[in-house]
2 protein chains.
Amino acid sequence: MIKDFEAERCDCNVLHEDVVKKVKLKMPQYTDMNDLAELFKIFGDTTRINILSALFEEEMCVCDIAYLLNMTQSAISHQLRVLKQARIVKNRKDGKVVFYSLDDEHVKRIIDQGLIHVNENNKGRALNE
Amino acid sequence: MIKDFEAERCDCNVLHEDVVKKVKLKMPQYTDMNDLAELFKIFGDTTRINILSALFEEEMCVCDIAYLLNMTQSAISHQLRVLKQARIVKNRKDGKVVFYSLDDEHVKRIIDQGLIHVNENNKGRALNE
DNA sequence: ATAATATATGAACGTTTGAACATATAATCA
DNA sequence: TGATTATATGTTCAAACGTTCATATATTAT
């Protein structure tokens, strides 16, 4: 059964077949993992993270975000598009101005967890090195 | 004060100066945001996420991970290096074999939060589209 | 209507990234 | 000792990514 799954790309031997079997059964589904990587990929960019951390505080329009982050309106607009397609932000239009805000409670929780990790890690680094 | 910060790259006007000021004060530090993006960048790859979700279950050696994920030993080894440099996994050597495991409790929490989001999102998508 | 402004979007470009391949290191075994 | 095996690492290459520039759309103001 594990044999069915095995393939051409792997160039080495199973050393602990029992472990592999057990882990394979417990591991979350492929699709979930792919979606998860996609989600984190979106957070894995300084511009986008900065946009999000700004939106944590308040809804903002494109120009204000661009000004705040000292970046081109176009660059911000492109990134907002990415965030919107991923359903991480939503927008509302008021005349010419488009306001963006967070679309989801989870987002803040994920990022907060990340910040906790980063802070702990920096503490450790400061002590050790 | 906001003027000092403003720069050449931004090509548009502040529309709501009060909002920008307020958000700027509250936003987390630059360094934190950079570190955070770096952290998420690491999670933003299918191979690495798969490695991590395997290690959630049990410590594993390089060959077993390669076999489980049906990838080259080299590819896995390279990614484990990335994960180790980021202090996300640690390893112990036993003869020729090197076992990898999670280095940090936070990691699981971050990824679990991510999974919650992904699942919620997929539910929504299934209903709407 | 025309001009000005806010935002969106397409194309181009340089950079980054992940996998493949070859090879090096280190440990075991014959 | 030499062969084998597990892992690490340097290099190369194609694909993905983010920004810039030019331009399109849409809304307001004159």
Side-chain angles (χ1 to χ4, degrees), chain A residues 7-17 19-20 34 37-38 40-52 59-86 89-101, chain B residues 7-17 19-20 34 37-38 40-52 59-86 89-101:
Chain A
E8 314 69 39
R9 251 184 298 173
C10 177
D11 59 354
C12 58
N13 307 316
V14 210
L15 296 190
H16 313 84
E17 196 156 350
V19 173
V20 174
N34 269 319
E38 288 309 311
F40 284 132
K41 199 174 291 177
I42 288 170
F43 294 149
D45 174 79
T46 311
T47 302
R48 286 191 293 264
I49 279 281
N50 278 326
I51 292 176
L52 291 177
E59 74 167 9
M60 288 181 82
C61 72
V62 182
C63 269
D64 286 348
I65 300 175
Y67 181 84
L68 175 70
L69 301 183
N70 183 26
M71 294 186 64
T72 306
Q73 173 270 322
S74 173
I76 298 298
S77 199
H78 276 295
Q79 297 302 352
L80 283 170
R81 186 160 158 273
V82 173
L83 291 170
K84 196 178 175 213
Q85 281 178 340
V89 303
K90 58 178 190 269
N91 57 14
R92 73 181 174 86
K93 203 166 183 179
D94 182 13
K96 279 181 294 193
V97 182
V98 179
F99 291 95
Y100 283 82
S101 57
Chain B
E8 314 72 37
R9 253 184 294 172
C10 178
D11 59 353
C12 57
N13 307 317
V14 209
L15 296 190
H16 314 83
E17 195 156 353
V19 173
V20 174
N34 269 321
E38 288 308 313
F40 284 132
K41 200 174 290 176
I42 288 172
F43 294 149
D45 173 79
T46 310
T47 302
R48 286 191 292 264
I49 279 282
N50 278 324
I51 292 175
L52 290 177
E59 73 166 9
M60 288 180 83
C61 72
V62 181
C63 270
D64 287 347
I65 298 174
Y67 181 84
L68 174 71
L69 301 183
N70 182 25
M71 294 186 65
T72 307
Q73 174 270 321
S74 172
I76 298 298
S77 198
H78 276 293
Q79 296 302 351
L80 283 170
R81 186 159 158 277
V82 173
L83 291 169
K84 197 180 174 212
Q85 280 179 340
V89 303
K90 58 177 187 266
N91 57 12
R92 73 181 173 85
K93 202 166 185 181
D94 182 14
K96 278 182 296 195
V97 183
V98 179
F99 291 95
Y100 282 83
S101 58

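Note on naming: letters A, B, ... go to the chains in the order of the sequence lines (proteins, then strands), and numbering restarts at 1 for each one.
- Taking atom CG of B:Asn91 as the reference point, atom P of D:dT7 lies 11 Å away to the nearest angstrom.
- Among the atoms of the strands shown, none is found under 4.0 Å from any heavy atom of B:Phe99.
- Partners of A:Lys93 according to the side-chain contact (heavy atoms from CB on, under 4.5 Å) rule, which considers only residues two or more places apart in sequence or in another chain, are A:Val98.
- For the atom pair CD1 of B:Ile65 and OG1 of B:Thr47, the computed distance is 11.5 Å after rounding to the nearest 0.5 Å.
- Contact of the B:Met71 side chain with the B:Gln79 side chain is not registered, since no non-hydrogen atoms from C-beta on lie closer than 4.5 Å.
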Between protein and nucleic acid, restricted to nucleotides 3-6 of chain D and to nitrogen or oxygen atoms under 3.5 Å apart, what atom pairs and distances do you find?
residue : atom : partner : partner atom : Å
D:dA6   : OP2  : A:Asn13 : ND2          : 3.3

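- For A:Val62, the side-chain contact (heavy atoms from CB on, under 4.5 Å) partners at least two apart in sequence or on another chain are A:Gln73, A:Ile76, A:Leu80, A:Tyr100.
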N/O-N/O pairs, protein side and nucleotides 16-18 of chain D side, under 3.5 Å:
residue : atom : partner : partner atom : Å
D:dG18  : OP1  : A:Arg48 : NH1          : 3.1
D:dG18  : OP1  : A:Arg48 : NH2          : 2.6
D:dG18  : OP2  : A:Arg48 : NH1          : 3.3

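- Shown here are the side-chain hydrogen bond (donor to acceptor under 3.5 Å, both in side chains) partners of A:Asp64, two or more places apart in sequence or in another chain: B:His16.
- The span of DNA chain C lying next to chain A, judged by atoms under 4.0 Å from heavy atoms, is bounded 5' to 3' by C:dT5 to C:dA20.
- When the P atom of D:dT27 is taken as reference, atom CG of A:Asp94 falls 12 Å away, rounded to whole Å.
- Among residues two or more places apart in sequence or in another chain, the side-chain contact (heavy atoms from CB on, under 4.5 Å) test is passed with A:Lys84 by A:Val89, A:Asn91.
- Distance alone, capped at 3.5 Å, places no donor-acceptor pair between the B:Asn13 side chain and the B:Leu15 backbone.
- Judged by distance alone with a 3.5 Å cut-off, a donor-acceptor contact links the side chain of B:Ser74 to the base of D:dT9.
- B:Asn34 meets the side-chain hydrogen bond (donor to acceptor under 3.5 Å, both in side chains) test with A:Thr46; sequence neighbours excluded.
- With sequence neighbours excluded, no residue forms a side-chain hydrogen bond (donor to acceptor under 3.5 Å, both in side chains) with B:Ser101.
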